[in-house]
Amino acid sequence: VMKVQLESIGPQSKSPFRLMHDPKLNHLFYWHFHPEYELVYIEGASATRHIGNHISSYVDSDLVLIGSNIPHLNFDHGVNTPYLQEVLHIKPSFKDNFVAPMPELQSLNRLMELSKYGLAFKPPIKEKVGQLMKELHKLPPFDFFMETIQILKILSNSSDFDVLHKKPFINTYSKKEQWRIRQIYSL
């Protein structure tokens, strides 16, 4: 059994979004999950895409939306070429409390629902959103928030993606195990 780790955004942050700009985990086998949705963009790498029960390869770049609590391997695992990675975490409360109730955001709500299957975006949307994600770390908070919403809007209006599971992936770790892992790995 692979050891699975759970990470979470520190509860001290009230922001619905957290960006990890160019994390370098290529030396790690980091099989993990977290309550947050994750949008990851990587370029300059060809490696394994392992999300839930799905295993495939990506070439040169990848843009994937991963649903809440779906275990996944870091996309840069074993990569030894120069690469860039942007990882955006979205709190579940953003969907539940902000997106779901709003009629204007139903396409975004649908996208976040579909993320239970794992979504891998294709060109040209992959490149377009990747370029936007690469700029996020330079932005002040309000602009960062608005640009993140814009990125989610672009993805919501796209059907250029592959669905990675035939049915929604259900995390079989019990709530108790999830809680325990969260205590151990809470940041």
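Both backbone and side-chain heavy atoms feed into the values below; hydrogens, waters and symmetry mates do not. Keep in mind that what you see is a predicted model, and the values were worked out from it rather than measured.
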Problem - Sub-4.5 Å side-chain heavy-atom contact between His32 and His72 - result: yes
Practice task
List the steps and the verdict of side chain to side chain contact (heavy atoms under 4.5 Å, CB included) for Ile66 and Val64.
Solution key: CA-CA 6 Å; Ile66 303 167; Val64 175; 3.7 Å; yes
Handout entry: Reported OG-to-NE2 distance for the pair Ser57 and His50, which is rounded to 0.5 angstrom
Key = 12.0 Å
Practice task
Tell me yes or no: between the side chains of His89 and His34, is some donor less than 3.5 Å from an acceptor?
Solution key: yes
Handout entry: Met112 with Ile170, same ILVMFWY side-chain cluster at under 4.5 Å
Key = no
Handout entry: Point-to-point distance, once rounded to the nearest 0.5 Å, from CG of Asn157 to OG of Ser107
Key = 5.0 Å
Exercise for the section: Would you sort out whether Leu88 and Arg18 count as a side chain to side chain contact (heavy atoms under 4.5 Å, CB included), showing the intermediate values? Expected result: CA-CA 6 Å; Leu88 180 74; Arg18 178 176 72 160; over 6 Å; no
Problem - Check: Arg49 and Ile55 side chains under 4.5 Å, non-hydrogen atoms - result: no
Problem - Residues Tyr83 and Asp76: side-chain donor-acceptor under 3.5 angstrom - result: yes
Handout entry: Side-chain heavy-atom pair Phe98, Pro16 within 4.5 angstrom cut-off
Key = no
Practice task
Flag the pair Ser61 / Ile42 as yes when at least one side-chain heavy-atom distance between them is below 4.5 Å, and no otherwise.
Solution key: no
Handout entry: Whether Asp162 side chain and Ala120 backbone form a donor-acceptor pair below 3.5 Å
Key = no
Practice task
Report yes or no: does Ser68 contribute a side-chain atom to a donor-acceptor pair with the main-chain N or O of Tyr37 at less than 3.5 Å?
Solution key: no
Practice task
Could you state whether Ile51 and Val59 fall into the same hydrophobic cluster, counting links through intermediate Ile, Leu, Val, Met, Phe, Trp or Tyr residues with side-chain heavy atoms under 4.5 angstrom apart?
Solution key: no
Problem - side-chain contact (heavy atoms from CB on, under 4.5 Å) against Glu135, all qualifying residues, sequence neighbours excluded - result: Lys138
Handout entry: Atom pair OG/NZ of Ser115 and Lys95 - distance to nearest 0.5 Å
Key = 8.0 Å
Problem - Test item: Val40 and Leu63 side chains (from C-beta on) under 4.5 Å apart, heavy atoms - result: no
Exercise for the section: Taking salt bridge (Lys or Arg N to Asp or Glu O under 4.0 Å) as the test, write out the residues that go with Asp22, two or more places apart. Expected result: Lys24
Problem - Parallel, tilted or perpendicular: rings of His165 and Phe169 (30°, 60°) - result: tilted
Completion exercise
Distance col, row Ser159:OG vs Leu114:CG, nearest 0.5 angstrom, shows 11.0 Å
Handout entry: salt bridge (charged side-chain N to carboxylate O under 4.0 Å, His left out) between Lys126 and Asp62, intermediate numbers included
Key = CA-CA 7 Å; Lys126 175 170 71 166; Asp62 209 13; 5.3 Å; no
Practice task
Specify whether Phe17 and Phe145 have parallel, tilted or perpendicular ring planes, treating 30° as the upper limit for parallel and 60° as the lower limit for perpendicular.
Solution key: tilted
Completion exercise
Nearest heavy-atom contact between Ala100 and Gln106 is O-NE2, 3.2 Å
Handout entry: Minimum heavy-atom distance between Leu139 and Glu147, given as atom pair plus value
Key = CD1-CB, 3.7 Å
Practice task
List the steps, then state whether side chain to side chain contact (heavy atoms under 4.5 Å, CB included) holds for Asn53 with Leu164.
Solution key: CA-CA 9 Å; Asn53 296 325; Leu164 303 181; over 6 Å; no
Practice task
Considering non-hydrogen atoms only, spot the tightest contact between Val79 and Asn26 and give its length.
Solution key: O-ND2, 2.8 Å
Problem - From CG (Leu105) to NZ (Lys153), nearest 0.5 Å - result: 11.0 Å
Problem - Lys134 atom NZ, over 12 foreign heavy atoms within 6.0 Å - result: yes
Exercise for the section: Applying side chain to side chain contact (heavy atoms under 4.5 Å, CB included), run through Glu38 and Ile70 and close with a yes or a no. Expected result: CA-CA 10 Å; Glu38 179 169 306; Ile70 299 180; over 6 Å; no
Handout entry: Nearest heavy-atom neighbours spanning Pro35 and Asn69
Key = N-OD1, 3.3 Å
Exercise for the section: Side-chain contact test, heavy atoms from C-beta onward, threshold under 4.5 Å: evaluate it for Phe94 versus Val99 and give yes or no. Expected result: yes
Completion exercise
Those residues at least two apart in sequence (or on a different chain) that pass ring pair (Phe, Tyr, Trp, His ring centres under 6.0 Å) with Tyr117 are none
Completion exercise
When every non-hydrogen atom of Asp160 is compared with those of Pro123, the smallest separation belongs to OD2-O, 4.5 Å
Exercise for the section: To the nearest 0.5 angstrom, please state how far the CE atom of Met133 sits from the OG1 atom of Thr148. Expected result: 8.0 Å
Practice task
Check whether Phe121 and Leu84 end up in the same hydrophobic cluster, where Ile, Leu, Val, Met, Phe, Trp and Tyr are linked by side-chain heavy atoms less than 4.5 Å apart.
Solution key: no
Practice task
Heavy atoms only: give me the nearest Pro101-Asp96 pair and the separation to one decimal.
Solution key: CD-O, 3.7 Å
Handout entry: Any Tyr30 side-chain heavy atom under 4.5 Å of His77 side chain
Key = no
Handout entry: Leu111 side chain near Leu65 side chain, heavy-atom distance below 4.5 Å
Key = yes
